[in-house]
Amino acid sequence: MKVTFLGTGTSQGVPVIGCTCDVCRSLDFRDKRLRTSVAIESHGNSFIVDTGPDFRQQMLREQVKRVDAVIFTHAHRDHTAGLDDVRAYNFMQNMDMPVYGTQPVLEQLKTEYAYAFAEVYYPGIPRLTLREINDSKFTINNVDITPLPVMHLKLPVLGFRIKNFSYITDANFIPEETYERLQGTEILVLNALQREKHISHFNFEEAIAVAMRVQAKRTYFTHISHKLGLHAEVSAELPDNFHLAYDGLQITC
Ligand SMILES: [Zn+2]
Ligand SMILES: [Zn+2]
Ligand SMILES: [Zn+2]
């Protein structure tokens, strides 16, 4: 299995428009963060988790030739705004794109992309097949996926575990049942927004505490704000086997 970090930035991305802080002016490529998303290759399948506003650019950068399904964690715009561009894969693969999400997520997509669900078909619009999921395990083309329910302030969000890889973005609370689902995971990806406390995301300290409890062999932080600090400096502070993810990072597991 191979995972590519397509984007590791919070909702505004890094650099932030108009900001002149050290991080936003950094020349280190690891300080340039598109909106959070990953590509997962497993058993010959190519899955994308979330299609944020940078989806098109991410697909071009990583030269993704095929997408078998899009899986959504939740329906905030920084995770959904690029969905229209799956059209490219509709054309190339000559198939509708399977889109997985909870019922509220699919409802939100139907509102945001109403033209894609209109009675009268307009040629060239994205062709989406919505597939509802909940907290129970599901399978896409022989790949078993375990949802990891977490809370993002008051919004239920799903993380996903495939074998020993677990991915959680946009959370500030993990229920006990989800800690049980995380047992034995070798790789944990978790959101770590900034140093200050935040109402809907784990901050740096909280993310380290959660990851210490999960005890994965390797932990990668994502959904990072310019307020967290320079990649090189923050990385140097991290405990062993903890890393800040960066755009383009690939891991095999
Ligand atoms: Zn987000
Ligand atoms: Zn900045
Ligand atoms: Zn969110």
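Small disclaimer: the values here were computed from a predicted structure and weren't measured. All heavy atoms count here, side chains included; hydrogens, waters and symmetry mates do not. Just follow the structure's listing: the first ligand is 1, and inside any ligand the first atom is 1.
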Q: Establish, yes or no, whether the cationic atom of R213 lies under 6.0 Å from the six-membered ring centre of Y179 and within 45° of the ring axis.
A: yes
task = Verify whether one side chain among D28 and S26 offers a donor that lies under 3.5 Å from an acceptor in the other.
result = no
Test side-chain contact (heavy atoms from CB on, under 4.5 Å), reference T73, set V150, V49, T102, D170, output is V49
Next on the checklist: Could you check, using the six-membered ring where one of them is a Trp, whether H243 and H231 have ring centers closer than 6.0 angstrom?
Outcome noted: no
Count of protein N, O or S atoms below 2.8 Å from the Zn ion (ligand 2) equals 4
Report whether V157 and I71 are members of the same hydrophobic cluster (ILVMFWY, side-chain heavy atoms less than 4.5 Å apart, transitive linking). no
Q) With a 3.5 Å cut-off and no angle check, do the side chains of N191 and H201 form a donor-acceptor pair? A) yes
- [ ] Before giving the answer on ring pair (Phe, Tyr, Trp, His ring centres under 6.0 Å), spell out for F138 and Y100 the whole-Å C-alpha distance, their side-chain angles and the decisive distance to 0.1 Å.
- [x] CA-CA 10 Å; F138 61 103; Y100 291 77; 5.8 Å; yes
message = Hydrogens and angles aside, do T36 and H223 bring a side-chain donor and acceptor to less than 3.5 Å of each other?
response = no
Exercise. Do any N or O atoms from the side chain of N241 and from the backbone of T219 form a donor-acceptor pair under 3.5 angstrom?
Worked result: no
Within the 2.8 Å cut-off the protein N, O or S neighbours of the Zn ion (ligand 1) are D78 OD2, H79 NE2, D170 OD2, H223 NE2
